Amino acid sequence: MKEIAKNIYWVGKVDDRKVPFHRLILEKGTSYNAYLIKDEKNALIDTVDLLFGREFVENLAEVLPLDTLSYVVINHTEPDHSGALGALIRKAPNAQVVCTAKAVPELMAMYKIEASRFLVVTTGDELSLGETTLSFHETPFLHTEETMVTYHKETQVLFTCDIFSTHVADEGVLKISELPDAETMLEDFKVYYKLIMDPHRRYILPMIDVVKNLPLTMIATSHGYVLDQDLEKYIGFYEESAHEGKNNVKALILFNSMSGNTKKMARILEGELTAQGIQVESVNTEKADKDEVLRKIQEADGVLFGSSTRYADLSGNLETILKELKELEVEGKVAAAFGSYGWSGEAAEVIQDYLLAAGMKALRSSDVIKSTGMDNVTFPLRVKFNPEDSLPMIKAASAVFADAIRY
Ligand code: FEO
């Protein structure tokens, strides 16, 4: 237990494993930051991952008689934060679960908690703990529908759960002011934003409005470091990313190629997109590590998937990656299928089916016509044999793809 502000204690868990997370591996581990606020009524802000639920409850019971716990605030229902709730609520008979209305049915189903144990809050609601007060502010889709942030008025600490977090396990260091050089965590902070928050970019600015209207001394996140200095810099990064991300977009081209023509197509697409000011990375999936490819897909603003056709189906190993898409946070991400073929070209259609099944915004011919009026570009993008013979169509398709990820 470590005091981070007056009568507010970190009671979380540092997880220094290589943590499996949405089909990715968190190489630097993570932490599950829960906080205990001591007052006339004691309140817990979030819990820890399901895996550590029992340990968490045992540890908490050593520092607080559990029958003196009045509230368990659940800012976000995912089990890396609510995971100890089921065990805890049965051992803390006087505690109410404080959460948004959308969180209630999820938590009831996840942990078999009866309706009478919930206290539903919405934006602007306040809850007195005795000497001090909490207020609540909904932040929907950051990154799931039921999320909120909780503010402790007297200390001006904002508990943001996933928002402003970092996936790092740094045992012994909690506040960034304790780091020898706080700049060292900035890259991890940005990677986290890109992976978790950026897909929900449109919800960032309303959240920033909430945060900017609260006087803050500290942002107590639920993964990695507590932000206790230079708050404007971290808030500003989210705000700028939400505003300007479209000016600095990244495209990823994944391909495998039997005869070299699909590879040549990938190279032409890469050149065209680069010429339009887009950062592009091309990866031959036959030579790449699958987990690394999945990470790159998460980080890219748009992804082109290319394959030759072999017996009316995909060639090579691209399908092993396509099968993982549904497990990633790619819903709404722009994508396109392409490929060169000889006597038939079904691979691109097979890719298209995977993209749509994963909820990606897979470009279709009808989208092109509707948004640009161009009738000489078809998606999936298929060329027969040598792509050099279809350069105008590939160039036009590149322009459509570039616009789709920019706007
Ligand atoms: Fe850290 Fe959305 O869970």
Side-chain angles (χ1 to χ4, degrees), residues 10-35 44-53 55-56 72-86 88 97-100 102-107 109-111 136-150 158-170 174 185 188-204 207 211 219-227 234 238 294-295 298-299 326-333 359:
W10 180 86
V11 289
K13 171 74 184 177
V14 175
D15 186 355
D16 59 6
R17 300 171 302 149
K18 291 189 174 185
V19 181
F21 176 81
H22 290 223
R23 292 275 173 178
L24 302 175
I25 301 293
L26 305 178
E27 295 288 337
K28 295 185 179 180
T30 192
S31 65
Y32 316 105
N33 300 333
Y35 303 92
L44 184 71
I45 310 289
D46 296 311
T47 72
V48 298
D49 188 84
L50 194 58
L51 197 61
F52 305 102
E55 173 187 330
F56 172 78
V72 183
V73 176
I74 297 292
N75 284 313
H76 171 38
T77 59
E78 281 204 316
D80 54 330
H81 304 288
S82 68
L85 186 61
L88 177 62
V97 180
V98 182
C99 62
T100 62
K102 283 193 170 15
V104 173
E106 296 176 20
L107 294 172
M110 289 163 79
Y111 302 112
F136 307 96
H137 308 269
E138 295 193 54
T139 53
F141 297 102
L142 292 176
H143 63 107
T144 47
E145 61 175 1
E146 82 299 339
T147 45
M148 67 174 186
V149 296
T150 298
L158 183 66
F159 300 94
T160 56
C161 205
D162 276 342
I163 306 167
F164 300 119
S165 279
T166 310
H167 278 313
V168 173
D170 199 344
L174 185 57
M185 60 76 75
D188 292 317
F189 179 84
K190 290 179 178 178
V191 167
Y192 179 97
Y193 169 85
K194 196 70 185 169
L195 288 175
I196 313 296
M197 294 293 153
D198 199 52
H200 310 275
R201 188 183 296 170
R202 82 183 78 158
Y203 301 101
I204 295 284
M207 179 276 292
V211 171
I219 294 176
T221 64
S222 284
H223 294 295
Y225 301 111
V226 167
L227 308 178
Y234 300 100
Y238 269 50
L294 296 177
R295 181 178 292 278
Q298 288 270 204
E299 292 179 354
K326 280 199 281 193
E327 308 300 330
L328 301 179
E329 290 214 7
V330 293
E331 201 171 337
K333 191 185 291 266

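Quick caveat: nothing in here was measured; it's all calculated off a predicted structure. Remember, it's 1-based here, ligands and their atoms both numbered in the order they're listed.
- Within E78, OE1 is the N, O or S atom that lies nearest to atom 2 (Fe) of ligand 1.
- Considering only heavy atoms from C-beta on, K28 stays 4.5 Å or farther from D170 through its side chain.
- When you scan the N, O or S atoms of D80 for the one nearest atom 1 (Fe) of ligand 1, you land on OD2.
- No other N/O/S atom of D162 lies as close to atom 2 (Fe) of ligand 1 as OD2 does.
- Looking only at side-chain heavy atoms (C-beta outward), T147 and D162 stay at 4.5 Å or farther from each other.
- A distance-only check finds no donor-acceptor pair linking the side chain of T160 to the backbone of V149 [under 3.5 Å].
- Not one N, O or S atom of H76 sits under 2.8 Å from atom 1 (Fe) of ligand 1.
- Using a 4.5 Å heavy-atom cutoff, the side chains of L174 and N33 are in contact.
- In summary, H143 places an N/O/S atom under 2.8 Å from atom 2 (Fe) of ligand 1, meeting the contact criterion.
- Because the distance cut-off is set at 2.8 Å, H81 fails to qualify as a neighbour of atom 2 (Fe) of ligand 1, as none of its N, O or S atoms comes that close.
- Across H167, K190, H143, R295, a single residue satisfies side chain to side chain contact (heavy atoms under 4.5 Å, CB included) together with L195, and that is R295.
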